[in-house]
Amino acid sequence: MSRTDLIADNFTAVRNAIMAKKENVDVAASKSMKAILEILKKERYIDNFKIIDDKKQGKIRIYLKYIGGKCVIRNIKRISKPGLRVYTKYHKIPSVLRGKGLAIISTPKGIMTNFQAKSKNLGGEVLIYIW
């Protein structure tokens, strides 16, 4: 079975792990996924992640963060999909839950949050919303 949207597949695995109250989840590795996880770790949505070499594509083990028995990640929504790409200009960068959530945007200067992109006046492809 071929994968057309690796990011969506990986975040579906994360959502399933959250519903099953797992401590960690293994997903397929990619450069964009690693950059997204760096942001989620910095913004304290996950505890940590570790790259596991399996002599193929590789795997990433994501350690989920729980506070009081509830996961910090309430929801993850994929915005730009292979069938419908969603782009935004810097002055129209979306705000997620009036600033309480996070949008992750792929810009010409790399993958960053909506707040970083807005401060650097960069637009790009809106990858995911997380809150």
Side-chain angles (χ1 to χ4, degrees):
M1 185 169 118
S2 67
R3 293 186 175 185
T4 57
D5 192 1
L6 186 65
I7 295 173
D9 292 346
N10 286 345
F11 283 123
T12 298
V14 169
R15 278 192 297 272
N16 291 340
I18 290 169
M19 287 191 294
K21 304 225 185 279
K22 301 262 184 177
E23 285 185 23
N24 56 45
V25 61
D26 290 346
V27 297
S30 71
K31 288 181 183 179
S32 58
M33 194 65 198
K34 184 177 181 266
I36 291 170
L37 290 174
E38 289 282 350
I39 291 171
L40 294 182
K41 181 181 174 184
K42 191 175 109 185
E43 297 291 330
R44 298 183 180 146
Y45 280 99
I46 61 173
D47 273 334
N48 203 355
F49 68 94
K50 181 172 74 172
I51 298 173
I52 301 168
D53 186 23
D54 63 353
K55 305 282 192 244
K56 296 178 190 171
Q57 178 179 358
K59 297 239 179 234
I60 300 176
R61 181 164 290 151
I62 303 170
Y63 297 95
L64 301 172
K65 185 174 186 176
Y66 291 91
I67 295 177
K70 290 188 178 183
C71 189
V72 174
I73 298 173
R74 300 280 184 226
N75 200 353
I76 302 171
K77 185 175 181 184
R78 178 78 158 120
I79 303 302
S80 187
K81 302 171 185 171
L84 179 63
R85 300 288 182 188
V86 177
Y87 296 96
T88 185
K89 295 183 179 180
Y90 73 92
H91 58 277
K92 292 187 178 181
I93 290 178
S95 175
V96 181
L97 290 179
R98 296 184 183 170
K100 293 181 181 174
L102 197 65
I104 297 181
I105 301 172
S106 177
T107 68
K109 302 283 184 184
I111 295 176
M112 57 184 69
T113 67
N114 54 339
F115 304 113
Q116 293 169 332
K118 200 175 278 191
S119 69
K120 295 179 181 180
N121 292 340
L122 292 171
E125 183 180 359
V126 182
L127 298 176
I128 62 170
Y129 289 165
I130 186 166
W131 64 92

Could you pull out every donor-acceptor pair under 3.5 Å between side chains of residues 121-131 and any protein atom, sequence neighbours left out?
unit_1: Glu125; atom_1: OE2; unit_2: Ser80; atom_2: OG; d: 2.6
unit_1: Glu125; atom_1: OE2; unit_2: Arg85; atom_2: NH1; d: 3.0

Side-chain donor-acceptor distances from residues 93-107 under 3.5 Å, at least two apart:
unit_1: Ser95; atom_1: OG; unit_2: Gly99; atom_2: N; d: 3.1
unit_1: Thr107; atom_1: OG1; unit_2: Lys109; atom_2: N; d: 3.2
unit_1: Thr107; atom_1: OG1; unit_2: Gly110; atom_2: N; d: 3.4
unit_1: Thr107; atom_1: OG1; unit_2: Gly110; atom_2: O; d: 2.6

Give a yes or no on whether [X] and [Y] share a hydrophobic cluster (residues Ile, Leu, Val, Met, Phe, Trp, Tyr; joining criterion: side-chain heavy atoms under 4.5 Å apart).
{"X": "Met112", "Y": "Phe49", "answer": "no"}
{"X": "Leu40", "Y": "Leu6", "answer": "no"}
{"X": "Leu64", "Y": "Ile51", "answer": "yes"}

With sequence neighbours left out, write down each residue that passes side chain to side chain contact (heavy atoms under 4.5 Å, CB included) with [X], or none if nothing qualifies.
{"X": "Asp54", "result": "Lys56, Lys59"}
{"X": "Tyr63", "result": "Asn24, Asp47, Asn48, Lys50, Arg61"}
{"X": "Ala13", "result": "Val25, Val27"}

Self-check item: Test side-chain hydrogen bond (donor to acceptor under 3.5 Å, both in side chains) applied to Ser119 - qualifying residues, sequence neighbours left out
Solution: none
Quiz item: With sequence neighbours left out, what residues match Asp5 under side-chain hydrogen bond (donor to acceptor under 3.5 Å, both in side chains)?
Solution: Arg78
Quiz item: Looking only at heavy atoms, what is the nearest atom pair of Arg15 and Thr12, with distance?
Solution: NH2-OG1, 3.1 Å
Going from [atom1] on [X] to [atom2] on [Y], what distance comes out if it is rounded to the nearest 0.5 angstrom?
{"X": "Asn10", "Y": "Ile76", "atom1": "CG", "atom2": "CD1", "value": "10.0 Å"}
{"X": "Glu43", "Y": "Phe115", "atom1": "CD", "atom2": "CZ", "value": "7.5 Å"}
{"X": "Tyr66", "Y": "Ile73", "atom1": "OH", "atom2": "CD1", "value": "9.0 Å"}
{"X": "Asn16", "Y": "Met19", "atom1": "CG", "atom2": "CE", "value": "4.5 Å"}
{"X": "Tyr45", "Y": "Ile36", "atom1": "OH", "atom2": "CD1", "value": "14.0 Å"}
{"X": "Leu37", "Y": "Lys41", "atom1": "CG", "atom2": "NZ", "value": "10.5 Å"}

Quiz item: Any side chain to side chain donor-acceptor pair (under 3.5 Å) pairs touching residues 28-39, not counting sequence neighbours?
Solution: Ser30-Ser32
Practice problem: Verify side-chain contact (heavy atoms from CB on, under 4.5 Å) between Ile67 and Arg44, making sure each step is shown before the conclusion. | Solution: CA-CA 11 Å; Ile67 295 177; Arg44 298 183 180 146; over 6 Å; no
Exercise. Give a yes or no on this: more than 12 heavy atoms of other residues, nucleotides or ligands lie within 6.0 Å of atom NZ of Lys22.
Key: no
Quiz item: Taking the side chain as C-beta and beyond, is there a heavy-atom pair between Phe11 and Met33 under 4.5 Å?
Solution: yes
